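Remarks on the structure that follows.
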Amino acid sequence: MSGPAAPAPLTESQPAAPRLPASPWRVAVPLPVPAYDFAPPHGWDLTDPADSGPMPRLAPLGCRVLVPWRGELVVGLVVGEGDAWGAHRLRETVHVLDDPSTPWVTPATAQAITAWAADAHLPAGLVWCDLLGVGWEAAYAHRVRAVPGASLTAFGSRVPGNEWQDAVAFAPALLDAIREQGLLDEVFAPLGRTRTVLTARPLSEVPPAARQVTVLRAVSPRPATLTPKQLAACEWLSAHEPQPSLSAWARGAGVSSGVATGALNAGGAVLLTELADPPPSWAWLREHGPAESLSAWATGASLSGTPLSLTQAGTLAARGWAAQVQVPAPPPAVPAPAPLMPGAADPDRLPEALVWRLHGGRAAARFRVLAPRIWRLLAQGRGVLVIAPEHATLRLAWEGLSGLAADAGTQAAQLSGQLSDVQREHTWGQIRLGEARLVIGSYLALTAPVADLALVVVLEEGSDAYKLPSGSRAFVPDLAVRVAATQDAALALVGSVPAVESMPHPGAVLPPPRLRLHVVDYARPPEQPEMGPLSSVHLTPGDLGYPLSHDLSRVLRQVQERGRQAVLVAPRRGYSALLRCPGCEHTPQCRNCDVALRFHQETRRLTCHQCGYHEVIPDRCDGCGERFWKARGPGTEWIAQEVGKLLPGFPVYRLDKDRQDDLAALQGGEPGVLVGTQLLLSQPAPPNLALIGVTLADTWLNVSDFRASERYHRLLRQLAEWHPERAPMLVVQTFQADHPALRVLAEGRDALAYPAAEERVRQELFYPPHARLAQIEVTAREAKKAMLAAQELADALFGAGASAQEVLGPAPSPVARLRGVYPYHLMLRARSDSRLSQLLTVLDSRTWKARVRVDVHPRGGL
DNA sequence: AGCACGCCGACT
DNA sequence: GTCGGCGTGCTC
């Protein structure tokens with residue numbers, strides 16, 4: 001390849017020593033397909049400036065490349081070396097986008113993620129598409145020509161010639177056909193980010209037509225034929241010339257326009273075409289410009305005393321006084337680091353193990369303990385990556401840690417979906433060039449090319465938010481383990497409470513935050529359940545009060561009296577979990593899924609929380625024609641309504657997926673009650689918080705998932721440390737007041753108590769961390785088809801030597817029908833990752849009669 | 001994922 | 001006679 005702008009890694013070929021051919025490259029494209037092999041670009045193995053021996057150049061691992069894909073060029077990531085050249089004739093990589101000395105992704109990370117994808121039996125492209133959030137959209141100028149001496153007439157009439165031409169002039173498929181024959185020369189040049197601005201065009205470049213004006217000037221000597229009035233007008237004109245128009249002249253001279261016309265016709269004045277003075281707004285733009293837009297020009301000029309309307313600005317620009325030019329865009333604004341905390345250089349008392357944990361206390365306290373370690377590593381010139389599961393944790397981490405970077409001689413960079421694409425791209429560049437060595441972000445930061453990575457911190461490693469909802473269903477902490485291990489970096493698990501899986505690692509624990517806990521035990525009411533009014537019938541066990549117990553109501557009234565703040569956590573959004581006919585017990589169901597429809601009172605709708613299907617509330621019961629419904633299982637709407645009845649006149653706010661009230665007053669310290677779902681924890685705690693109520697804790701336990709109680713315990717711990725200083729009263733209403741996940745809090749035990757107990761249970765039951773799980777999901781439109789395919793799969797597994805302990809199921813999904821399909825689940829349970837991967841190879845042994853999907857390390861029932 | 005190919009029901 | 005449903009297969 002040659003040309004004016006040869007791409008970075010390619011130089012003119014030198015007289016080559018005998019060389020082995022380079023291996024193919026394995027390239028992941030952002031599609032749910034495996035990584036495919038491509039040949040290196042033409043000439044790649046001939047031209048390594050750094051090396052003269054008979055070795056092929058290595059694959060540019062972690063670099064982005066352009067590869068031909070279905071007749072077009074797509075961005076791919078080099079994730080490994082391909083198999084030795086097989087029978088398949090490989091297409092060539094067209095271009096390497098990144099300089100191999102600063103790859104887009106750290107080569108070790110590229111391998112770690114790809115290896116995980118292989119172990120999970122997922123296509124590499126699917127995993128990379130999920131995890132690499134920035135870089136797939138490369139902006140480049142692309143020019144083509146025919147290879148010198150080649151004739152492209154066989155490809156048609158509109159084909160590249162011998163001169164370089166912009167590739168957009170040709171159909172991608174045509175170019176690819178020529179490319180495949182080796183007859184296309186191509187050059188690529190990266191395009192920087194630009195913006196369009198308005199500048200004042202230099203006078204010499206303003207079109208002459210724009211500058212010319214017709215003006216009136218007096219003629220001297222004055223013709224003798226002028227009337228007295230015409231003469232006076234001409235005298236005035238000679239003192240005030242040039243005049244732009246007859247009417248302006250007449251007005252100025254104080255005569256009628258007839259007199260002026262007459263004077264002109266009599267030869268007392270002439271119309272001349274002259275070069276005008278540039279308009280003042282042009283001069284303004286030349287001095288103060290460039291302007292971002294027409295309106296910016298108009299307002300800017302007007303503000304500094306040069307009146308300019310938007311239409312005038314438009315006219316001037318159209319006539320050529322201003323030009324639109326592309327200028328390099330300035331770097332986007334990125335989040336500012338927090339001020340430096342004191343104590344960063346304090347002694348570091350944290351474990352030195354390869355994997356360790358730090359839990360308990362409050363977030364700020366954990367970051368204070370963590371800071372000396374991070375500071376030390378940064379000061380040594382190494383890199384640190386901090387991963388948070390959601391925005392609230394990310395914000396706290398940024399506040400608590402980002403200040404360390406400046407003091408340790410580097411920068412902190414934030415990477416999350418909160419930022420714009422442009423911001424993320426800019427930040428990625430800073431990280432890639434080693435300018436920012438402290439990276440704090442969401443899962444999108446996991447593949448960031450952090451220089452000399454020494455430590456990966458996973459915050460709240462047990463959080464379900466780490467389970468990616470999209471195709472790969474990856475659990476981010478699993479990948480963080482791999483990323484850290486391949487780079488010999490340590491892994492720290494830091495959060496309010498350790499995941500049960502973290503317990504085997506060494507660690508530190510901070511004392512639990514102060515807690516005032518009150519448990520309302522619904523299971524121990526006086527005998528004789530008593531029938532109440534409609535909204536509080538069956539579920540009311542005795543007279544404890546439902547859904548707000550008398551105890552909770554009493555504290556809520558105190559909150560109102562004292563002008564404080566309270567938060568109520570409801571287990572679901574909407575008004576109620578379901579509607580039931582009091583006559584025949586019929587419950588409206590979703591038409592696509594086997595679940596009851598949720599009742600939303602505000603929209604008067606029944607909605608499926610699985611698939612989004614909704615309908616208006618039926619007038620009468622399908623089964624018996626009854627006209628009234630009974631609501632069961634209170635949600636946020638119901639709770640908020642009860643609070644409104646209990647505390648008349650007291651502000652009630654709501655926060656869930658359906659409704660996000662403006663919480664400015666509450667965050668400013670004004671009194672009120674906030675009712676919401678778990679989404680509440682994504683907000684800072686209101687400053688005057690005196691009470692947190694959990695309206696029905698049992699909902700977190702009634703989930704068919706072995707992690708349900710762990711999740712419930714984590715929720716309680718997070719609520720307990722939510723407020724950064726205070727210890728609000730935590731009121732938990734439950735039918736299971738003796739549940740150990742709750743009891744350890746009541747007993748003031750530390751963050752390890754419950755996970756440690758749970759780990760012992762898991763050991764007996766052969767569950768994580770003592771086993772590795774993978775769920776195989778088999779789905780089909782007919783239940784029987786899915787069931788039979790799942791059974792065949794199970795038989796194949798047993799045939800391949802799986803034991804009865806290793807294969808659980810198949811069983812229908814907890815929701816038997818979802819979005820119109822029937823999922824069946826098969827759980828694999830192995831001693832080790834390698835055994836699990838070995839069992840999973842059975843999936844690839846043949847094709848199955850239903851859709852099969854693997855979820856390694858599944859979490860959550862639904 | 002997208003896009004082709006391919007085989008069976010309701011219509012200009 | 002065709003248009004169009006989505007099942008299956010392929011992408012280096």
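Hydrogens, waters and symmetry mates play no part in the numbers below; they use all other heavy atoms, side chains included. Chain letters run A, B, ... following the sequence lines, proteins first and then strands; every chain starts at 1. As the structure is a prediction and not an experimental result, all values here were calculated from the model.
The distance from atom OH of Y36(A) to atom P of dT11(C) is 6 Å, rounded to the nearest whole Å. Nucleotide dT11(C) holds its P atom 18 Å from the CG atom of L73(A), rounded to whole Å. Across the protein-nucleic acid pair, R851(A) atom CZ and dT8(C) atom C1' stand 14 Å apart, rounded to whole Å. For R91(A) and dC10(C), the CZ to P distance is 19 Å, given to the nearest whole Å.
Contacts classified as salt bridge (charged side-chain N to carboxylate O under 4.0 Å, His left out) and involving residues 785-802 of chain A (residues at least two apart or in different chains) are given here: E792(A)-R846(A), E792(A)-K849(A). Identified under the ring-ring contact (aromatic ring centres under 6.0 Å, His included) test for residues 113-135 of chain A, with sequence neighbours left out: none. Screening residues 29-38 of chain A for side-chain hydrogen bond (donor to acceptor under 3.5 Å, both in side chains), with sequence neighbours left out, gives R26(A)-D37(A).
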Which atom pairs, one a donor and one an acceptor, fall under 3.5 Å between side chains of residues 172-181 of chain A and the rest of the protein, sequence neighbours left out?
| residue | atom | partner | partner atom | Å |
| --- | --- | --- | --- | --- |
| D176(A) | OD1 | R91(A) | NH2 | 2.9 |
| D176(A) | OD1 | R179(A) | NH1 | 2.8 |
| D176(A) | OD2 | R91(A) | NH1 | 3.2 |
| R179(A) | NE | E186(A) | OE2 | 2.8 |
| R179(A) | NH2 | E186(A) | OE1 | 2.9 |

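Listed by chain and residue number, R573(A), H600(A) satisfy the side-chain hydrogen bond (donor to acceptor under 3.5 Å, both in side chains) test with D658(A) (two or more places apart in sequence, or in another chain). A search for side-chain hydrogen bond (donor to acceptor under 3.5 Å, both in side chains) contacts involving D855(A) returns K467(A), R473(A), not counting sequence neighbours. Annotation: salt bridge (charged side-chain N to carboxylate O under 4.0 Å, His left out) contacts of R851(A) (sequence neighbours excluded): none.
Among the heavy atoms of the strands lying under 4.0 Å from P68(A) are primed sugar atoms or P, OP1, OP2 only; no base atom is included.
Using a 4.5 Å cut-off on side-chain heavy atoms (C-beta onward), L132(A) and W428(A) make contact.
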Strictly under 4.0 angstrom, non-hydrogen atoms only: write out the protein contact profile of nucleotides 2-8 of chain B, one letter per nucleotide from the 5' end, B, S or -. BB-----
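Within residues 74-82 of chain A, no residue has a heavy atom under 4.0 Å from DNA chain C.
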